[in-house]
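Report on the following structure.
Naming convention: chains lettered A, B, ... in sequence-line order (proteins, then strands); numbering from 1 in each chain. Below, all heavy atoms of this structure are taken into account, side chains as well, without hydrogens, waters or symmetry copies.
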Amino acid sequence: MEITLKIWRQGSQESKKAKGAFETYKLNDIQEDMSFLEMLDVLNEKLLHEGFEPVAFSHDCREGICGSCGVVINGRAHGPLKGITTCQLHMRHLKKFTTLVIEPWRAKAFPVIKDLVVDRSAFDRILQAGGYISVNTGGVPDANSILIGKHIADEAFVAASCIGCGACVAACPNASANLFVSAKISHLALLPQGQPEKHHRVESILKAMDKEGFGNCSNAGACEYECPKGITLKNIAKLNREYFEAVFSASLEEHPTHAHHGKGDESMHVGH
Amino acid sequence: MSTLDSKIPQGSLTEKWKKQCFDYKLVNPANKRKFDIIVIGSGLAGSSSAASLAELGYNVTVFTHNDSPRRAHSIAAQGGINASKNYQNDNDNVHRLFYDTIKGGDFRAREANVYRLAEISEKIIDQCVAQGVPFAREYGGLLDNRSFGGAQVSRTFYAKGQTGQQLLLGAYGALNRQIQKKKVKVYSYHEMLDLVLVEGRAVGVVVRNLLNGEIKSYSAHAVIMASGGYSNIFYLSTNAKNCNATAIWRAYKKGAYFANPCFTQIHPTCIPASGSYQSKLTLMSESLRNDGRVWVPKQKKDPRKPSEIPDNERDYFLERKYPSFGNLVPRDVAARNIKEMCDEGYGVGKTGLAVYMDFQDALKRLGEEEVESRYGNLFEMYEMITGDDPYVTPMMIYPAAHYTMGGLWVDYNLMSNIEGLFVLGEANFSDHGANRLGASALMQGLADGYFVIPYSIGDYLSQMAKTSKSGFKKPPADSPEFKKAEKEIHESIEKLISRKGQKSPDEIHRELGVIMRDYVGMARNAVGLKKAINEIKSLKDEFADNLRVFQSGESLNESLEKAGRLSDFLELAELMAEDALQRNESCGGHFRTEYQTPEGEALRNDKKFSYVAAWEYTGPKKKPKLNMEKLTFTDIKPSTRSYK
Amino acid sequence: MSYQIKNYKNSLRWLTDAVSLSTGKKYLMGFTGFFLIMFLMVHLFGNMLLLKHDGGLAFNAYSKSLLTNVLIRVIEIFLFAGFILHIIFGITVSIQNKNARGKQYAVKSNITSSFFSRHMIETGSFILIFLLIHLKTFFYAHRIMDSNLTMYESVVMAFQNIYYTGFYVFIMILLSFHLMHGFQSAFQSFGLNHNKYSPLIKIIGLFYAVVVPGLFALIPFYIYMEKITLQ
């Protein structure tokens with residue numbers, strides 16, 4: 001098949017191409033059985049041979065689990081199919097298009113590194129603020145001493161299956177990270193192991209999320225629509241409940257500091 | 001050939017680890033914060049070790065080439081993680097897991113290490129559950145188990161088809177907690193390009209920032225390498241695109257021994273390549289062989305659709321050759337037979353490198369609903385990739401490189417022959433012998449990271465502080481050794497960029513992949529291996545003369561990254577072939593066609609080859625030196641595998 | 001997680017802190033929104049008196065009681081507070097959201113979320129303009145200026161203006177759009193999303209979003225028709 005590509009090209013902050021623009025490419029010999037990323041490989045090989053700079057895009061496992069890949073194709077995060085990542089998309093799924101407009105995830109909190117590669121370290125920083133259960137290695141009880149009903153375990157698993165690809169932010173009309181955050185909150189709040197720290201966790205994580213400059217959730221549901229792992233708005237509802245509980249039922253002493261900018265826990269920005 | 005000291009503690013097998021733990025010197029809690037440790041890689045072994053060491057008080061710096069520690073390829077492990085918990089009351093115990101692992105590894109693993117692994121396995125599950133890993137549960141709330149190949153008990157813990165992902169997220173959480181506490185610093189988009197030694201000890205690394213090309217040195221009191229395996233040497237493998245051997249290979253060139261490089265595992269049921277553009281292969285769960293029947297048409301290049309070929313014109317070759325195990329023969333046997341059929345010209349599909357796996361009988365026997373409940377998601381995944389519906393037309397499968405048992409040589413304490421260099425997870429060679437059992441890779445990575453290294457590194461550091469001239473002080477990152485390494489890296493990158501040839505790194509890598517698949521893959525022989533060595537040599541020349549990368553080192557440049565990794569793969573490929581050539585026997589994943597029983601089974605030679613081949617770098621263009629570590633079996637008597 | 005403990009004793013800082021986070025703002029939007037939804041219904045019940053064929057007797061009596069009842073005065077304060085918070089937070093949140101995207105997509109998909117959810121600020125802004133006019137015509141004239149017309153006369157006069165009526169109907173359509181998303185969204189913001197109850201909430205929400213603005217819009221038609229039949 002023949003295909004025209006309009007790809008967003010953008011250089012690093014310091015370079016001449018820091019502003020970014022679309023460039024158009026034509027590919028003639030595209031096989032239906034190629035994956036979308038293999039099609040980009042073909043383009044890059046061509047560019048390399050012609051002496052042009054290949055297109056930078058994120059990818060790694062190419063089987064839909066690592067969460068590295070992700071571009072917006074004709075307005076759809078991870079392309080027009082539901083429930084898959086960009087790497088799982090194949091060219092036969094794109095037969096109806098003659099032109100593909102390929103853009104990076106667009107969000108202030110995900111600055112473009114180069115071309116289609118964006119910096120998602122904001123997600124790491126959010127989870128650093130409390131996306132875990134505070135246990136050291138060793139000294140833990142026997143695994144079967146904690147009973148967890150099958151339906152709870154299954155529900156927690158579904159929430160935990162978030163791969164951190166960022167499609168939710170990319171698809172959200174407000175570039176909100178609520179689905180990503182809620183998946184982690186839900187996962188840990190459902191499990192008995194997550195109970196001791198739940199009030200701190202939700203406040204700490206939400207504060208970190210706001211600090212990164214994501215938008216507000218307006219319950220539009222685009223995140224749920226585009227999530228390749230089927231994480232639903234129910235998790236955001238759970239996040240809201242958890243926050244409500246933390247605000248209204250936690251004792252006054254239990255609140256971690258937050259919202260007092262300038263003092264309190266400035267240890268939030270660590271890493272990278 | 002010299003022999004190697006594996007530092008296995010004295011005493012009975014069951015007492016060795018306990019005794020060793022007691023014998024380890026400790027680092028005073030107040031002194032732990034004086035030690036800096038570098039960890040290369042953020043997968044299960046890397047993240048778990050970094051977090052555990054930081055919890056103890058050490059200062060840890062982690063480097064990963066990914067954009068986040070959570071993306072390391074451990075996430076792709078589907079099946080599960082073994083542990084001898086005996087939760088199912090099916091008479092499992094530490095000794096049985098130990099025995100299965102040794103036997104599964106075809107008696108080419110170290111007894112003491114494997115026993116320790118089996119002992120620790122139980123603690124791993126406890127740890128992961130405490131971290132909130134959502135393992136599958138039974139209705140009563142207890143943990144569920146499934147059974148896996150090579151074992152007669154149900155000891156595999158799992159989280160749907162995402163066990164690796166969930167375990168890594170657990171370790172990543174522990175890591176994040178230490179990042180928040182400022183005990184760990186993670187450098188993402190950083191690739192290790194050299195290991196630096198001072199006074200013969202590993203004291204740091206030189207890394208390249210992939211985003212801006214900056215080359216920088218970091219020094220530490222010890223270096224841990226948990227950089228994964230090298231299956232990507234085959235170009236088409238189930239590994240992630242960025243998996244590479246660079247870290248371990250550069251350590252090898254600094255003197256670390258590379259053990260058993262030829263031991264690779266080929267997974268029989270992967271989705272075959274659909275064309276020359278194929279970038280990687282996707283694994284289809286082994287469980288499919290429970291109901292799928294593997295066959296090829298009896299007539300070569302049969303033009304008919306598979307559904308039009310009548311039963312008597314099909315060759316169900318696994319059932320024909322192995323009547324008692326049939327389609328359920330172990331991974332290596334299945335893979336080898338599939339390859340043989342394709343080599344003889346019976347392969348199907350566009351490329352001729354595929355065989356059918358048919359579910360029509362299962363559909364008739366069980367009904368579509370039952371088949372869907374068993375394999376529904378796999379069928380969907382298959383259809384997504386190939387466009388074919390396995391309910392209607394048989395699947396096509398072909399084996400693909402999947403895991404490498406070989407890796408840097410380590411002693412019982414997971415330290416390589418270079419003092420201060422520790423190697424964990426798939427990057428080392430230690431526990432799987434010549435063949436790894438399903439659900440054992442996750443177990444090993446986490447055992448090394450959570451429970452072995454936190455003890456053994458303390459012993460090294462306390463000794464080092466006492467014996468080395470500098471004591472607690474680490475050499476500064478601008479000492480001459482680092483400067484020299486940086487300079488060499490700058491030069492090698494300059495060299496790559498300045499080549500103005502015609503072939504991209506991917507093109508050369510694909511050619512290497514074909515050589516490796518044909519001669520150093522599932523079945524090998526002396527003639528082929530020698531041929532491979534020659535072909536690799538000429539490919540190296542081609543790489544030197546005719547490489548083309550995009551000429552910029554200052555921003556993200558994947559072609560340059562690929563070229564650097566490929567240069568290491570090309571060298572490692574030769575070593576793999578050399579290693580396969582010297583091992584004149586068949587064992588586990590290493591099948592030498594000259595050494596088989598009349599029935600076509602692997603013929604091990606315990607008398608001559610019951611050793612670990614640890615290769616020593618001797619300089620560019622010089623033959624590497626073979627060191628041996630003799631394997632002795634005190635608790636288990638080596639026996640022959642048979643699946644007839 | 002950082003565990004520094006903030007002493008909140010003897011202050012309501014915990015509450016202002018809570019709404020300073022995005023999820024707190026969302027709660028506030030949902031809470032005020034739901035309050036306004038309830039108000040709409042009360043308002044509608046009052047307006048329905050206009051449909052009574054009595055020359056505005058009942059309606060005038062009702063509006064008089066609104067002006068004189070002390071309890072209503074107290075509720076009025078909450079109502080204004082509700083409007084103002086909903087408006088201020090609605091605008092700030094929208095500005096933040098616009099900024100959070102940064103560069104816009106060249107191609108936008110409109111199937112991933114509903115039209116109504118994406119245009120809350122636009123529909124809301126029109127409703128705000130209407131609200132100001134509405135307040136001037138009725139609230140300002142009667143409550144502040146003590147107009148010499150009866151409320152019924154004011155209403156009839158307003159609706160005799162074809163532009164006013166047209167604008168009114170247009171706004172009711174936008175109000176319907178606003179409620180299409182707003183009603184169910186408020187429940188989601190409160191964390192009430194459940195396989196068992198959510199379908200019901202959605203149905204009630206759609207019903208409410210159609211029926212309430214629909215009945216509001218019916219009134220000018222009725223008055224207009226009444227005028228014609230009276231002539």
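- If you measure heavy-atom distances from C:F190 to chain A, the contacts under 4.5 Å come from the backbone alone.
- Contacts between C:Y105 and chain A at a heavy-atom distance below 4.5 Å involve backbone atoms as well as side-chain atoms.
- Taking the side chain as every heavy atom from C-beta outward, A:I7 and A:R9 approach each other to under 4.5 Å.
- Taking the six-membered ring for Trp, A:F214 and A:F110 have ring centres closer than 6.0 Å.
- At a 4.5 Å heavy-atom cutoff, the contact between A:I236 and chain C is made by backbone and side-chain atoms alike.
- Between C:Q188 and C:N193, the side chains place a donor N or O and an acceptor N or O closer than 3.5 Å (distance only, hydrogens not considered).
- If you tally non-hydrogen atom pairs under 4.5 Å between each of C:S114, C:G102, C:S113 and chain A, the highest count goes to C:S113.
- For A:K184, there are no salt bridge (Lys or Arg N to Asp or Glu O under 4.0 Å) partners, not counting sequence neighbours.
- Using modelled atom types, no side-chain atom of A:R106 and backbone atom of A:V112 make a donor-acceptor pair closer than 3.5 Å.
- Residues A:W105 and A:V118 approach most closely at O-CG1, 3.5 Å, considering heavy atoms.
- Contacts of A:F22 with chain C are made by side-chain atoms alone, with heavy-atom separations under 4.5 Å and no backbone atom involved.
- Residue C:R101 touches chain A through both its backbone and its side chain, counting heavy-atom pairs closer than 4.5 Å.
- The candidate from A:A171, A:P80, A:G213, A:S218 with the greatest count of non-hydrogen atom pairs under 4.5 Å with chain C is A:S218.
- There is no contact between C:Q184 and chain A, counting heavy-atom distances below 4.5 Å.
- A:W8 and A:F57 have their aromatic ring centers separated by at least 6.0 angstrom.
- Aromatic ring centres of C:H194 and C:Y197: separated by under 6.0 Å.
- Put simply, of C:S22, C:S94, C:S117, C:G24, the one with the most heavy-atom pairs under 4.5 Å next to chain A is C:S22.
- Ranked by heavy-atom pairs under 4.5 Å with chain C, the list A:G221, A:A109, A:C217 is led by A:C217.
- The part of A:P104 that comes within reach of chain C is its backbone (N, CA, C, O), which places non-hydrogen atoms under 4.5 angstrom from that chain.
- Judged as a salt bridge (Lys or Arg N to Asp or Glu O under 4.0 Å), and not counting sequence neighbours, the contacts of C:E76 are C:R143.
- For chain A, the nearby part of C:K26 is the side chain; its heavy atoms alone come within less than 4.5 Å.
- In this structure, chain C has heavy atoms under 4.5 Å from both the backbone and the side chain of A:A170.
- Within the 4.5 angstrom heavy-atom criterion, no atom of C:N110 approaches chain A.
- Looking at A:D210, the atoms closer than 4.5 Å to chain C (heavy atoms on both sides) all sit in the side chain, from C-beta outward.
- A side-chain N or O of C:N97 and one of A:N216 form a donor-acceptor pair less than 3.5 Å apart.
- Of the listed residues C:K108, C:K103, C:Q96, the one with more heavy-atom pairs under 4.5 angstrom with chain A than any other is C:K103.
- Of all the listed residues (C:G191, C:S198, C:G30, C:A106), the one sharing the greatest number of non-hydrogen pairs under 4.5 Å with chain A is C:G191.
- Interface remark: A:C223 contributes no atoms to any contact with chain C (heavy atom separation under 4.5 Å).
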Worked verdict on C:F126 versus C:F130 for ring pair (Phe, Tyr, Trp, His ring centres under 6.0 Å): CA-CA 6 Å; C:F126 274 104; C:F130 167 77; over 10 Å; no
